[in-house]
Amino acid sequence: MKFYSLNNRKHTSNFENAVIRGLAPDKGLYFPEQIKKLPDSFFEDLANIDKVEMALTVIKPYTGDEIPVADLEDIINRSLDFEFPVVPINDRISVLELFHGPTMAFKDVGAGFMAGCLGYFVKKGNLGNVTVLVATSGDTGGAVAHGFLGVEGIDVVILYPKGKVSEVQEKQLTSLGKNITALEVDGTFDNCQAMVKKAFLDEEITGKRQLTSANSINLARWLPQMFYYFLAVKQLKGSAEPVFSVPSGNFGNICAGMMANAMGLPVAHFVAANNRNDTVVDYMQTGNYRSRKSVQTISNAMDVGDPSNFVRILEIFQKEFTALKNRFSAYSYDDDTTKNAIKEVYSEYGYLMDPHGAVGYLGLKEYLKKRPDQHGIFLETAHPVKFLETVEEVIGEKVPLPEEIKELMSKQKKSLQIKTYDDLKGFLLND
Ligand SMILES: *Cc1c(COP(=O)(O)O)cnc(C)c1O
């Protein structure tokens, strides 16, 4: 399939080049020329169909014949190699747990799928070696590092702000070795991101190394997120259409859900659950999109003031505001409300949510309040132990650490300390 730039419909690309580039040369996000409707028979059979075969049917229209089926199946197999259970909280609310992957955040699926695709394109030959350069505020770095670990022909360089990621997140970034290098930057996440942007424009570097990014606007990270929604509906075994509530930051995940819906997946409604970064809530109320500076919250992976993927949602609805409103709502919650939700759900139902999932829970509860005949699923995007301090403080109890985390914490941290752009440049030119 061809993909066009959302800045200019005439600027198109195949899947491979769109994945390698990330953004179109005109800086627009790529969007598929068609959204493929899947046949009724596929949905009638959804409960019985094998997970990998299901995912293959969903993604194949977009990858076309650019990745042979056997390789694509292999890529899917590796990126979906864990459980995605739907767990009931009460009789109207369930949670889709997306944290059973290697770094305990939902980004594992997208990162693994992208690593598989890029690995295939490199192996095929005409690309040469590639360096994935990425700045992280926490979760992205770990997922990307694990996804790309050991993929031949690809080096990964991750910049993270010293002292500003959680201990678990830091270990996930720095303990892998092999083709993964962690650069610990004496600065903020914004400094890291500015350095990465500068490197992409630096011809001395790009003349020597082929750079690519692995952020969430990349097609190969965005599209496989559709799988979650199919996997959830599959487990409902034909009961009524669910409402999905998605804790949202850059809006890639929820937008993938809306793509799944456009492909025919039965979904009653989508709720974007936000923290205090409420640009989209404001848009849905006023019809005016005003980006703003992000504010810091306890659900920090959603601290985004200008969500990049929202333009893709507008594109799905061809910018028809009423059609969008019928299918989509957005709510915002502050940190205190989020903490109370964690406490409430833990004491009433014995279920422990992380701060991101808690925002999702609140959004779903609010939407269902006025609709007594509907039921819904919120997405739990990270394991609560990734946000141990907040969660333990809120419930006033120690949370037992899973074995994987204990093992991770015993591993050795390896990072290179850097301060300035010249340090990064020196590393990229000389390594
Ligand atoms: C990245 C992230 C989100 C936000 O997802 P988007 O696709 O950017 O909206 C939510 N929760 C967690 C735990 C994340 O890591």
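Ligands are counted one by one from 1 in listed order, and the atoms in each one are counted from 1 as well. For the numbers below, each heavy atom of this structure counts, side chains included, while hydrogens, waters and symmetry mates do not. Numbers here are sequence positions counted from 1.
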How would you list, by chain and number, every residue that makes a side-chain contact (heavy atoms from CB on, under 4.5 Å) with Lys414, sequence neighbours excluded?
none
Is any side-chain N of the basic residue among Arg276 and Asp335 closer than 4.0 Å to the acidic one's carboxylate O?
no
Does the Lys NZ or Arg CZ of Arg371 fall within the cation-pi geometry relative to Tyr367 - under 6.0 Å from the ring centre and within 45° of the axis?
yes
Non-neighbouring partners of Lys419 that pass salt bridge (charged side-chain N to carboxylate O under 4.0 Å, His left out), sequence neighbours left out:
Asp186
Within the 4.0 Å heavy-atom cut-off around ligand 1, the contacting residues, ordered by chain and number, are Phe106, Lys107, Asp139, Pro247, Ser248, Gly249, Asn250, Phe251, Gly252, Asn253, Ala301, Met302, His356, Thr381, Ala382
Residue pairs, two or more places apart or on separate chains, that pass ring-ring contact (aromatic ring centres under 6.0 Å, His included) and touch residues 168-196:
none
Any Lys/Arg nitrogen of Lys293 or Asp306 sitting under 4.0 Å from an Asp/Glu carboxylate oxygen of the other?
no
